[in-house]
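Every value quoted in this text rests on a predicted model; they were computed, and no experiment measured them.
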Amino acid sequence: MNIAATLQSDITPEGDDYTTVRRVIELITEDYRAQPGLEDIAGQLGQSPTQLQKTFTRWAGLSPKAFLQAVTLDHAKRLLRQEALPLLETSFEVGLSGPSRLHDLFVTHEAMSPGEWKARGAGLTIRYGLHPSPFGQALVMITDRGLAGLAFTDEPGGMDAFEDMSSRWPNAHYVEDSAATTPYAERIFDPKRWDPKEPLRVVLIGSDFQVRVWEALLRIPMGCAVTYSSIAEKLGQPTASRAVGAAVGRNPISFVVPCHRALGKSGALTGYHWGLTRKRAMLGWESGKA
DNA sequence: TGTCGTCGGTCAA
DNA sequence: TTGACCGACGACA
């Protein structure tokens, strides 16, 4: 078995686990007033509590109880209280002093020129592939300048995600090439391989305002969260929180550009392009890794 | 809950 | 350039 195949098999169980995790999140959020216990949830999924325990530990390194706690409103509010620190002004280097930062995914980024953005991807070759991830199937898109897109889907063929992404750069040339995208997928979802010495290269394709918002998101450490309005403030446009929300929503490299760490002022998750359930899952997963 | 003010982004003239 | 339209917001009753 070669190295790539080994890594693939490392990732796959987590990918399968996501189906279970997703159902659990759906159950507790649909019915959170009833506060279903572990036994109830396991029963509804046709699993034993022990099985469920194993699934969670494998997926997030977290017990189901800790995970359920991590997706509550209270927890979101706690994350926001940590925001009192001037997180967004913290550079990557300075941020290294915080322990959780050491586990974060390190990224170098460049933005496309406005001309390239207006051309809607003309002259650009985008290679893509569908890969298992802890949050369902992930559609990875790369250019020769680095990672350009990351989307999620629960559909077997992932066509919904592909159409969503390709409509952003309709003039680009798309080539299915999962051999090329596999190394990216393996790295992105494996915290053990997040290495400041070898930052992940990403290319941000968007309008000027969008790119500034996405850069701000990249400065939020793992396991932390900020509000839309605080991003607007940091950008020097304190009244633009609503526009920030719209720009965050257009983030083409979800998870890597951590749009799931942006919350409403009340701690409410407010929205997520790839589904609120996935946003909860990401926050829960991160709280286990941070 | 609902409503309403506000401000950028986007797209079509 | 302009104007219409639309939010992953936020404040308030």
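In terms of phosphate contacts, A/K265 brings a side-chain nitrogen or oxygen within less than 4.0 Å of OP1 or OP2 of C/dA11.
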Practice prompt. Convert the base pairs of DNA chain C into dot-bracket notation, remembering that pairs crossing earlier ones are written with [ ] and that bases paired across to another strand are shown as |; include only Watson-Crick or G-U pairs under 3.5 Å.
Written response: |||||||.|||||
Worksheet item: Between A/L68 and A/V24, is a side chain to side chain contact (heavy atoms under 4.5 Å, CB included) present by the stated rule, with each step listed?
Response: CA-CA 9 Å; A/L68 298 190; A/V24 171; 3.9 Å; yes
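Taking atom CH2 of A/W214 as the reference point, atom C1' of C/dA8 lies 14 Å away to the nearest angstrom. A/F255 has its CZ atom 22 Å from the P atom of C/dA8, to the nearest Å.
Ion pairing between A/E215 and A/R212 fails under the 4.0 Å rule for side-chain N and carboxylate O. Classification of A/E286 and A/R261 as a salt-bridged pair holds, one side-chain N sitting under 4.0 Å from a carboxylate O.
Listed by first and then second residue, the ring-ring contact (aromatic ring centres under 6.0 Å, His included) pairs involving residues 206-233 of chain A amount to none (not counting sequence neighbours).
Residue A/E39 places its CD atom among 12 or fewer non-hydrogen atoms of other residues, nucleotides or ligands, all under 6.0 Å distant.
Taking the six-membered ring for Trp and thresholds of 30 and 60 degrees, A/Y272 and A/H260 have ring planes more than 60 degrees apart, a perpendicular arrangement. Taking the six-membered ring where tryptophan is involved, the planes of A/F135 and A/W59 are perpendicular, since the angle between them exceeds 60° and thus also 30°.
Residues A/W169 and A/V175 do not share a hydrophobic cluster, clusters being chains of Ile/Leu/Val/Met/Phe/Trp/Tyr side chains in contact below 4.5 Å.
Applying the 3.5 Å distance criterion, the base of C/dA8 shares a donor-acceptor pair with the side chain of A/Y228.
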Practice prompt. Encode nucleotides 4-13 of chain B as B, S and - characters from 5' to 3', where the letter depends on protein heavy atoms closer than 4.0 Å: B to the base, S only to sugar-phosphate, - to neither.
Written response: -BBSSSSS--
